[in-house]
Engineer: 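Please find one structure pasted underneath; my questions will follow.
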Amino acid sequence: MILDTDFHSHVSRSSAQRMAQAAQEQGLRVLGLSEHVFQMNEAHPLLEHMGVEGPLLSFDTYIDAVRNAAEQQQLDVRLGLEVDFIPEKNEAIQSFLKGKPWDFLIGSVHEIDGVLFEHNHELNKTTGEARWLRYYQLLRAAVTSGYFDVISHPVRMRSANPYLPATLDAELEQLAAEATQHNVALEVNGYDTLTYPSVVRRLVKACALHHTPISVGSDAHIPARIAQAHQQTETLLRNAHINTVRIWKQRVPEEYTF
Ligand SMILES: [Zn+2]
Ligand SMILES: [Zn+2]
């Protein structure tokens, strides 16, 4: 079998329908849609600083669009959300999510103490290394928060911070160990895999060592990017002797071997 699921994808730049159609054309068996919480009307005022990636949706409109896409494409589409983890805002963010029929919730750290780290390049060795360490503190807090099924792109810091700390492998191992302990998956992210594969390889190695559940997601924002790195991801996982991927339905984990 091959990797035939994608559990991180966005709809705001196209639509749930077009993403599901592309997934079907790619031969995927299950598609997990996971729009950003900051793209939701109700939550946007709290997260205005994140910017927008397309027209805002209400939670109900989004949920309906995902259901309709599944029906029209006759595809197994799961309802997810990519949720920002920001310590001082978590309670307010989470209050919007209660009582909704999520299949999976992705926890994401995009912001570190007020800084959107993917857009900030003014770093040197000292501040860069310190930011990596703070990043892993926040990722571990996201793992242990109990809010999420999976933590996304746990090496995304590399996108704008080349100052890898000497202790990176130890940080990854600690994260992987805590994820296993809390039954939370770590994501092998398509964008990361295509952009800095050597760092993703270190993440995968830590997950293999600690038997951490793995989620695979492209992070596609347009239909053409669905499953964008699945071939490279499959190689990375096989080389680390990982052959199981975790997915979810109604927040209950399922696993398949590939
Ligand atoms: Zn993200
Ligand atoms: Zn994303």
Side-chain angles (χ1 to χ4, degrees), residues 1-9 19-34 66 69-70 73-82 102-108 139 142-143 148-156 169 172-194 196-220 225-258:
M1 212 167 134
I2 52 161
L3 284 175
D4 59 3
T5 61
D6 184 336
F7 264 62
H8 187 152
S9 61
M19 295 299 275
Q21 191 182 345
Q24 197 163 51
E25 285 164 7
Q26 289 264 349
L28 291 188
R29 181 173 53 92
V30 190
L31 174 67
L33 287 169
S34 55
V66 173
Q73 291 303 317
Q74 293 289 298
L75 181 70
D76 190 349
V77 181
R78 309 278 168 94
L79 175 67
L81 195 71
E82 181 175 8
W102 308 115
D103 288 311
F104 66 109
L105 291 176
I106 300 178
S108 290
L139 287 172
V143 160
F148 309 115
D149 304 296
V150 47
I151 302 303
S152 71
H153 46 60
V155 294
R156 180 60 59 85
D169 292 312
L172 287 168
E173 282 192 35
Q174 195 183 342
L175 180 69
E178 291 192 23
T180 305
Q181 196 188 333
H182 291 268
N183 198 26
V184 170
L186 296 181
E187 179 188 77
V188 178
N189 181 281
Y191 173 84
D192 293 345
T193 298
L194 293 178
Y196 24 80
S198 62
V199 192
V200 177
R201 193 171 303 120
R202 293 166 75 170
L203 165 68
V204 167
K205 189 178 162 201
C207 290
L209 264 172
H210 291 279
H211 307 285
T212 309
I214 297 278
S215 174
V216 173
S218 61
D219 213 346
R225 295 264 192 270
I226 285 185
Q228 60 178 328
H230 270 32
Q231 222 170 341
Q232 293 90 331
T233 301
E234 195 172 317
T235 303
L236 273 176
L237 293 177
R238 286 202 197 280
N239 287 345
H241 309 290
I242 294 171
N243 64 354
T244 306
V245 168
R246 180 169 285 195
I247 60 176
W248 298 264
K249 187 171 200 161
Q250 292 171 13
R251 313 227 33 208
V252 177
E254 302 170 357
E255 277 174 349
Y256 70 95
T257 54
F258 64 91

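Bear in mind the structure is a predicted one, so any value in this text is a computation, not a measurement.
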Engineer: Could you measure the distance from the OG1 atom of T233 to the CD atom of Q228? Nearest 0.5 Å is fine.
Structural biologist: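 T233 atom OG1 to Q228 atom CD measures 9.0 Å (nearest 0.5 Å).
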Engineer: Any heavy-atom pair between the side chains of W102 and L81 that's under 4.5 Å?
Structural biologist: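 Yes, at least one pair of side-chain atoms sits under 4.5 Å.
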Engineer: Are a donor atom and an acceptor atom from the side chains of S108 and S152 found within less than 3.5 Å of each other?
Structural biologist: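 Distance-only check passes for S108 and S152.
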Engineer: More than 12 heavy atoms of other residues, nucleotides or ligands under 6.0 Å from CZ of R78: is that the case?
Structural biologist: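 Buried by this count: over 12 neighbours within 6.0 Å.
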Engineer: Side chains of Y256 and T5: any donor to acceptor distance under 3.5 Å?
Structural biologist: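 There is such a pair between these side chains.
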Engineer: Does T180 offer a backbone N or O that forms a donor-acceptor pair with the side chain of T212 under 3.5 Å?
Structural biologist: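 Checking the backbone N and O of T180 against the side chain of T212, no donor-acceptor pair under 3.5 Å is found.
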Engineer: Please assess V155 against Y196 for the test side-chain contact (heavy atoms from CB on, under 4.5 Å), listing each intermediate value before the final yes or no.
Structural biologist: CA-CA 9 Å; V155 294; Y196 24 80; 4.2 Å; yes
Engineer: Between D103 (side chain) and L79 (backbone), is there a donor-acceptor pair under 3.5 Å?
Structural biologist: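 Side chain of D103 to backbone of L79, a donor-acceptor pair under 3.5 Å: yes, one is there.
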Engineer: So which of V245, D4, N189 actually passes side-chain contact (heavy atoms from CB on, under 4.5 Å) with V216?
Structural biologist: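 Result: among V245, D4, N189, V245 is the only option passing the side-chain contact (heavy atoms from CB on, under 4.5 Å) with V216.
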Engineer: If you round to the nearest 0.5 Å, how far is CG of D6 from CD1 of I226?
Structural biologist: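 Rounded to the nearest 0.5 Å, the CD1-CG separation comes out at 6.0 Å.
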Engineer: Is there a side-chain contact (heavy atoms from CB on, under 4.5 Å) between L31 and D76 once you walk through the steps?
Structural biologist: CA-CA 6 Å; L31 174 67; D76 190 349; over 6 Å; no
Engineer: So how far is it from R225 CZ to Q26 CD, rounded to the nearest 0.5 Å?
Structural biologist: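 It comes to 11.5 Å.
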Engineer: Counting N and O atoms only, with roles assigned by atom type, does the side chain of Q21 sit under 3.5 Å from a partner on the main chain of Q73, one being a donor and the other an acceptor?
Structural biologist: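 Not a single qualifying donor-acceptor pair exists.
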Engineer: Between L237 and F258, does a side-chain contact (heavy atoms from CB on, under 4.5 Å) hold up when you go through it step by step?
Structural biologist: CA-CA 10 Å; L237 293 177; F258 64 91; 3.8 Å; yes
Engineer: Considering only heavy atoms from C-beta outward, does the side chain of L175 approach that of V143 to under 4.5 Å?
Structural biologist: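 Side chain of L175 against side chain of V143, heavy atoms only: contact under 4.5 Å found.
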Engineer: If we ignore angles and hydrogens, is there a donor and acceptor under 3.5 Å between the side chains of N243 and T257?
Structural biologist: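 No - no donor-acceptor pair under 3.5 Å links their side chains.
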Engineer: How far does NE2 of H230 sit from OG1 of T235, to the nearest 0.5 angstrom?
Structural biologist: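 Reported value, rounded in 0.5 Å steps: 12.5 Å.
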Engineer: Output yes when R251 and D149 qualify as a salt bridge under the 4.0 Å nitrogen-oxygen rule, no when they do not.
Structural biologist: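 Salt bridge flag = yes for D149 with R251.
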Engineer: Are side-chain heavy atoms of L203 and L186 found at a separation under 4.5 Å?
Structural biologist: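 Touching, per the 4.5 Å side-chain cut-off.
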Engineer: Would you mind reporting whether V188 and T193 have side-chain heavy atoms less than 4.5 Å apart?
Structural biologist: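 When only atoms from C-beta onward are counted, V188 and T193 do touch, with a gap below 4.5 Å.
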Engineer: If the threshold is 4.0 Å, N to carboxylate O, is there a salt bridge linking R202 and D169?
Structural biologist: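 Salt bridge flag = yes for D169 with R202.
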Engineer: Do N239 side-chain atoms and H241 backbone N/O form a donor-acceptor pair below 3.5 Å?
Structural biologist: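 No, N239 side chain to H241 backbone: no donor-acceptor pair under 3.5 Å.
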Engineer: What is the minimum heavy-atom distance between A227 and S218, and which atoms define it?
Structural biologist: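 So the minimum-distance heavy-atom pair works out to N-CB, 3.5 Å.
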Engineer: To the nearest 0.5 angstrom, please state how far the NE2 atom of H153 sits from the CG atom of D219.
Structural biologist: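 Here the rounded value is 5.5 Å.
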Engineer: Angle class for the W248/F104 ring planes (parallel below 30°, perpendicular above 60°, tilted otherwise)?
Structural biologist: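 Plane angle under 30°, so parallel.
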Engineer: Roughly how far, to the nearest 0.5 Å, is CD1 of I242 from CZ of R238?
Structural biologist: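 It is 11.5 Å, given to the nearest 0.5 Å.
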Engineer: Say whether, by atom type as modelled, one donor and one acceptor occur between the side chain of S9 and the main chain of G32 under 3.5 angstrom.
Structural biologist: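 The answer is yes, because a donor-acceptor pair under 3.5 Å joins these two groups.
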Engineer: Might you work through the side-chain contact (heavy atoms from CB on, under 4.5 Å) test for V150 and F7, ending with a clear yes or no?
Structural biologist: CA-CA 10 Å; V150 47; F7 264 62; over 6 Å; no
Engineer: By the salt bridge (charged side-chain N to carboxylate O under 4.0 Å, His left out) test, which pairs, at least two apart or in different chains, include something from residues 178-192?
Structural biologist: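 Of all non-adjacent pairs touching residues 178-192, those that pass salt bridge (charged side-chain N to carboxylate O under 4.0 Å, His left out) are R156-D192.
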Engineer: Taking all heavy atoms of L139 and all of P154, pick out the closest pair and write down the distance.
Structural biologist: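 Residues L139 and P154, closest heavy atoms: CD1-O, 3.7 Å.
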Engineer: Go through the structure and list residues passing salt bridge (Lys or Arg N to Asp or Glu O under 4.0 Å) with R246, not counting sequence neighbours.
Structural biologist: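 Salt bridge (Lys or Arg N to Asp or Glu O under 4.0 Å) list for R246, sorted by chain: E255.
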Engineer: Is it true that H210 and Q174 share a donor-acceptor pair across their side chains at a distance under 3.5 Å?
Structural biologist: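 Their side chains do not contain a donor-acceptor pair, so the 3.5 Å distance test is not met.
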